[in-house]
Each structure stands twice: as C-alpha cells, then as structure tokens.
Number of protein chains: 2
Amino acid sequence: MAARPSPAVQDYLKAIYRLEGDGDSVTTTQVAQSLGVTAPSVSNMLKKLEQLGYVEGGGRRGVRLTSEGRTSALDVVRLHRLVETFLADTLGMRWDEVHREAEILEHHVSEALAARIAESLGHPDRDPHGDPIPTEQGLVPDSPTSVSALWTLPEGATGRVSRCDDRDPELLRFLAEVGLVPDVAVEVLARAPFGGPLTVRVGGERRVDVPPDAARGVFVLGGR
Amino acid sequence: MAARPSPAVQDYLKAIYRLEGDGDSVTTTQVAQSLGVTAPSVSNMLKKLEQLGYVEGGGRRGVRLTSEGRTSALDVVRLHRLVETFLADTLGMRWDEVHREAEILEHHVSEALAARIAESLGHPDRDPHGDPIPTEQGLVPDSPTSVSALWTLPEGATGRVSRCDDRDPELLRFLAEVGLVPDVAVEVLARAPFGGPLTVRVGGERRVDVPPDAARGVFVLGGR
DNA sequence: CCGCATTGTTATGTCACCCTAAGAACCGTC
DNA sequence: GACGGTTCTTAGGGTGACATAACAATGCGG
C-alpha cells in the first residue's frame, strides 16, 4: 500500500508512460518538453524517481518505468480518464473541456471516489476521446493493433474512428463539428498533394475536408 | 478577477471565516488550533494575508477578514458545500464521508465545474449536513437566528434539526443511525444530570439517548 | 508593582519543486 | 582523433509552506 505520489511525481510518471508508447526508453529532454519544464528539473526528478523505485536505467540511454512505476502511472491515467468520462457523461461538459479539468482532478480524487464514479458509469472502458480506461488492477483494455492516424491512410481506406488526441481543445471542437468522433465510420476519398487537406466521408454521409494537423490527431481502426 | 489563492491560503481564509462566527476578531492561536499547524506558521501566513489584502487589524487583537477576504472565503465554502452535496446526492456517498473528500476537492474544482454541479443539483441552498451554501455572488442563505445546539435546550423544548457538525465522521454515523438528520422534528424529553445523556424524541416517534458530545454537534431551529 | 503564564513574534531550518548558468559527456563529421 | 552541436548533469538560487528554538509582549493574581 504505497503512499500516493505527489502530483508532480504523478505527472512525471504519466508523461514517461505516454512517451514509452513509441520506442521504449525515455530521455530527459522528451520528458522536459512533454511537461513544459527545463531539462535540469527533469534530471533531478528522474534521480528521485529512481530512488523511489519508479524508474530504472537512469544512467545513459534514458529511463524506463519499473513495474511499480507503470502501476502508479496507470493509476493516474485511470483516474484521468474516469474523471473525463464522468464530467462529460454525467455533468454534460463538452469533450474539449474535460481534459483540462481532469488534468487537475486526477491528482485529488480518492480511490473511494474513483470507485464510485466508475460504478455510476457502469465501469466504462473508453473515455470520451476513445482512450482506453485501465482497470483498477492496472489492465489496459486491448488497444487494437491496426490503428493508424487518419493522416497516414491512403485514398480509398476505410475504417472507424478509434480515438482522438485530447490535448488540444480547438482540435476537439473542430472534430466535433465535422462529426469525427469515436466509432464513426470514415473513408478517405482524396488526399490533396503538398500537405493539403484530406477529403473524408464521415458516417457514410458528409464529405469533410480535414487539414493535416487535424488528421494527425485522429486515429482510425482500419476496415481496409 | 483576482487569481485563485493557493490551497493553503484558502484553508486559512476558511478557518478565519468560521472562527469569526463567534466573536469577531480571530487570534493566531485559534487559527493554529483550527488548522493543526503551529503558531509561528500562522503568524507568517497572517502577515502574508494582510499584504494580500485578505485580512486587516494584524497588529494587536487578532485579525478580521476584509470584504475581499470574506468573498474569497465564501467562494471556498461554496465549493466545499456544493461538492459535499454533489458527492452525497449524485454519487451516493455517505454523509460522513463527503466532508473529507470535499476538503480536498474544494481547492481544485474550477468555477466552470462548480457552476455545472450547482446546476445539475438545481442550485441547492443546503448541504447534506444542513449548512447553507453561499451563492455565486457570495450571499449566504439566511441562517435563522433562533438556532441553538441541541445540548443547550431545556426539557420540553421542541424544534427541527437545522444542521449537524460535519467534521467528525463517527458523530455523523451515530446521528444517521438514530435519525438525527436535518429537518427532522425533535423534542427534549429529559436531561440527565451530571453530564449524562439527553433523551430526545426524534421525528415524533423514536426515543433516543444522545450523549453530550453528540448533542453539542446538533443544532436545532427552535419551535419553542 | 512584580512574577509568571499565556500569547505572539523573529530567526532559522527543512522539504519539494522549479529555475538559470555553466560545465561535462556523448555523437556524427570530417 | 580533434571539433562543433546536442544532451545531460552539477551548482547555486528562489518560493511556498511548514517546523523548532528562543525571545518579546500582554495580562492577571498576589
């Protein structure tokens, strides 16, 4: 029953967890950029995290989470996504507002409260942006392997929106407007050259032009 | 549009606000005891609060809140009680659990979220313990003047429970068990001598023995 | 009016977390 | 294998909020 890490530590663990997704070893600068702090701050904190047993490999080539670190990171991620889902579903907050709020509340919601929230929502396994919600035991619902950014799909590709990047409220407002939300069917009709927009059929109905930076934040579970 | 004070500052303002209730000038030691910190810490913080314009009269005889201080204190109290109400009504948390949780969340709930919570609850004016919830404009719903601690009532007195002290979960569990909750009718049937229990009729039905320390935490709006 | 308890302050230290400035280690290029 | 650029760490500060220790001021009983 380890004590709950401080908000700062939780933020570092969460960032490292997210960065481990692509490639496995995480560098000081990656973390610094991701959290908006300076490299020396990260250097100090990583040393501390290593002493606390949350990360290892502190020497050269970046750090990795220990299993304990991963457990703690998943705890935070779970709370974040549960809170997001709750704010959206129960309180009717817009999906572009919930991330900010959850970013703070994730550090201050007790386990007891989280359990109640989860129960009142019927133990959801996806948050409003389509991200999987880890279980209390730290299991992450299967992330299908054939998920690619909409941006990378060739003309003619079809599939369903799996998740959307939740960090940019403006992006989310745009996506909501054009109907690019989780579970909707999409088909890439055309790719404009020179970094132009993608033309996409959304929900079998609307034709929508999606600019590159938007298309990079939408992930599609491929039909083919 | 003053920036939101830090959690620590909010806690001090809340404590001073509560202590101003009885008598008007609040001393260093009162605050220290109320917050469980040492006198020097309070001394420092009061100096800071005075510089920030939240309190005045810092010299001799204790401090008082400025109107700005009172406004900020009421903001915190409002959030605390809204959160309590929400946790109890919407999430079914027991009334003895909500205080602890709200004590933390009050510092981290945004104005936007508070507004949504208030709306989803229909802008309640009492929390689960019967305490009044200040409005967004900082107005405290009328606290009736003829409210006295159950402990102070003479034999034969009648009335309705107005509010219960929310700080001791054990007390609240006891009160819930014997039915002493806000709005229930009570009548003092007997006062045992030498600090013995009060015998009270609750809700026109049950006879209940209420020990002194419990009777001091229940406040009754007098019928006569 | 003096002594002494209560109350409050100043001085100083600690801890967590962040910063800037400056030096050390690594890395591909020539 | 020296060189310039990137990356990382060490050194040294700063802030907020707490602590302890020691001193000052108040206020009351005798």
Side-chain angles (χ1 to χ4, degrees), chain A residues 2-16 19-20 22-65 69 72-73 76 103-104 106-108, chain B residues 2-16 19-20 22-65 69 72-73 76 103-104 106-108:
Chain A
R4 164 121 61 160
S6 71
V9 169
Q10 290 183 347
D11 281 338
Y12 275 87
L13 293 177
K14 207 174 46 148
I16 297 169
L19 291 167
E20 267 187 351
D22 29 84
D24 45 5
S25 205
V26 176
T27 69
T28 302
T29 3
Q30 279 180 308
V31 176
Q33 281 172 359
S34 165
L35 291 178
V37 297
T38 59
S41 301
V42 176
S43 218
N44 278 332
M45 184 58 103
L46 291 185
K47 204 182 303 171
K48 185 174 158 190
L49 292 182
E50 187 157 19
Q51 276 167 2
L52 292 172
Y54 290 128
V55 305
E56 62 189 3
R60 297 283 125 259
R61 323 262 146 235
V63 295
R64 274 159 305 134
L65 290 174
S72 293
V76 184
E103 201 70 8
I104 295 174
E106 63 185 3
H107 304 303
H108 304 287
Chain B
R4 164 118 64 159
S6 72
V9 169
Q10 291 183 348
D11 280 338
Y12 276 87
L13 293 177
K14 208 175 48 148
I16 297 169
L19 290 168
E20 267 186 351
D22 29 84
D24 45 5
S25 205
V26 177
T27 70
T28 303
T29 6
Q30 279 179 309
V31 176
Q33 280 172 359
S34 165
L35 290 177
V37 299
T38 61
S41 300
V42 176
S43 219
N44 278 334
M45 185 58 102
L46 291 185
K47 204 181 305 171
K48 186 173 158 191
L49 293 182
E50 187 157 19
Q51 276 167 2
L52 291 173
Y54 290 127
V55 305
E56 61 188 5
R60 304 281 128 264
R61 322 260 148 233
V63 295
R64 272 160 305 135
L65 290 175
S72 293
V76 184
E103 201 69 10
I104 295 172
E106 62 186 2
H107 304 303
H108 304 288

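For clarity, every value in this text was computed on a predicted model and none was experimentally measured. Both backbone and side-chain heavy atoms feed into the values below; hydrogens, waters and symmetry mates do not. Chain naming here is simple, since letters A, B, ... match the order of the sequence lines and numbering starts at 1 in each.
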Worksheet item: B/Pro7 and B/His108: which non-hydrogen atoms are nearest, and at how many Å?
Response: CG-CE1, 4.4 Å

Worksheet item: How close or far is atom P of D/dT10 from atom CG of A/Leu46, stated in whole angstroms?
Response: 12 Å

Worksheet item: Which residues within residues 5-14 of chain A lie with some heavy atom under 4.0 Å of an atom in DNA chain D?
Response: none

Worksheet item: Can you tell me how far P of C/dC15 sits from CD of A/Gln51, to the nearest Å?
Response: 13 Å

Fill in: Heavy-atom closest pair, residues A/Ser25 and A/Gly62
OG-C, 3.6 Å

Worksheet item: Given atom CD of A/Gln30 and atom P of D/dT6, what is their separation to the nearest angstrom?
Response: 17 Å

Discussion item. Tell me whether B/Glu20 contacts the main-chain N or O of B/Leu65 through its side chain, where contact means a donor paired with an acceptor under 3.5 Å.
Written reply: yes

Worksheet item: Should B/Ile16 and B/Leu49 be marked as a side chain to side chain contact (heavy atoms under 4.5 Å, CB included) after you check the CA-CA gap, both sets of side-chain angles, and the distance that decides it?
Response: CA-CA 11 Å; B/Ile16 297 169; B/Leu49 293 182; 4.0 Å; yes

Worksheet item: B/Lys48 NZ to C/dT9 P: how many Å, rounded?
Response: 17 Å

Practice prompt. May I ask you to evaluate whether A/Lys47 reaches the phosphate of D/dC8, defined as a side-chain N or O under 4.0 Å from OP1 or OP2?
Written response: no

Discussion item. Are the side chains of A/Leu46 and A/Thr28 in contact, using a 4.5 Å heavy-atom criterion?
Written reply: yes

Fill in: Proximal nucleotide (of C/dC18, C/dT9, D/dT9) relative to the A/Ser43 side chain
D/dT9

Discussion item. Would you say that B/Pro5 contacts B/Tyr54 through its side chain, given a criterion of any heavy-atom pair below 4.5 Å between the two side chains?
Written reply: yes

Pairs under 3.5 angstrom, nitrogen or oxygen only, protein versus nucleotides 19-23 of chain C, please.
from, atom 1, to, atom 2, distance (Å)
C/dC19, OP2, A/Thr38, N, 3.0
C/dC19, OP2, A/Thr38, OG1, 2.9
C/dC19, OP2, A/Ser41, OG, 2.5

Practice prompt. Evaluate the criterion side chain to side chain contact (heavy atoms under 4.5 Å, CB included) for residue pair B/Val31 and B/Leu19; output intermediate values, then yes/no.
Written response: CA-CA 8 Å; B/Val31 176; B/Leu19 290 168; 4.1 Å; yes

Worksheet item: What is the distance, rounded to the nearest whole Å, between atom CG of B/Leu49 and atom P of D/dC18?
Response: 11 Å

Worksheet item: Say you draw a straight line from NE2 of B/His107 to NZ of B/Lys14; how long is it, rounded to the nearest 0.5 Å?
Response: 5.5 Å

Practice prompt. For C/dT9, take OP1 and OP2 only and decide whether either is under 4.0 Å from a side-chain N or O of B/Thr28.
Written response: yes

Worksheet item: Would a 4.5 Å heavy-atom cut-off, applied to side chains only, mark A/Asp11 and A/Glu106 as touching?
Response: yes

Practice prompt. Whole angstrom is fine here: how far is it from CG in B/Leu35 over to C1' in D/dA17?
Written response: 12 Å

Item to complete: Find the distance A/Glu50:CD to D/dT9:P and express it as a whole number of Å.
Response: 10 Å

Practice prompt. Rounded to the nearest angstrom, tell me the gap between atom CE in A/Met45 and atom P in D/dC8.
Written response: 17 Å

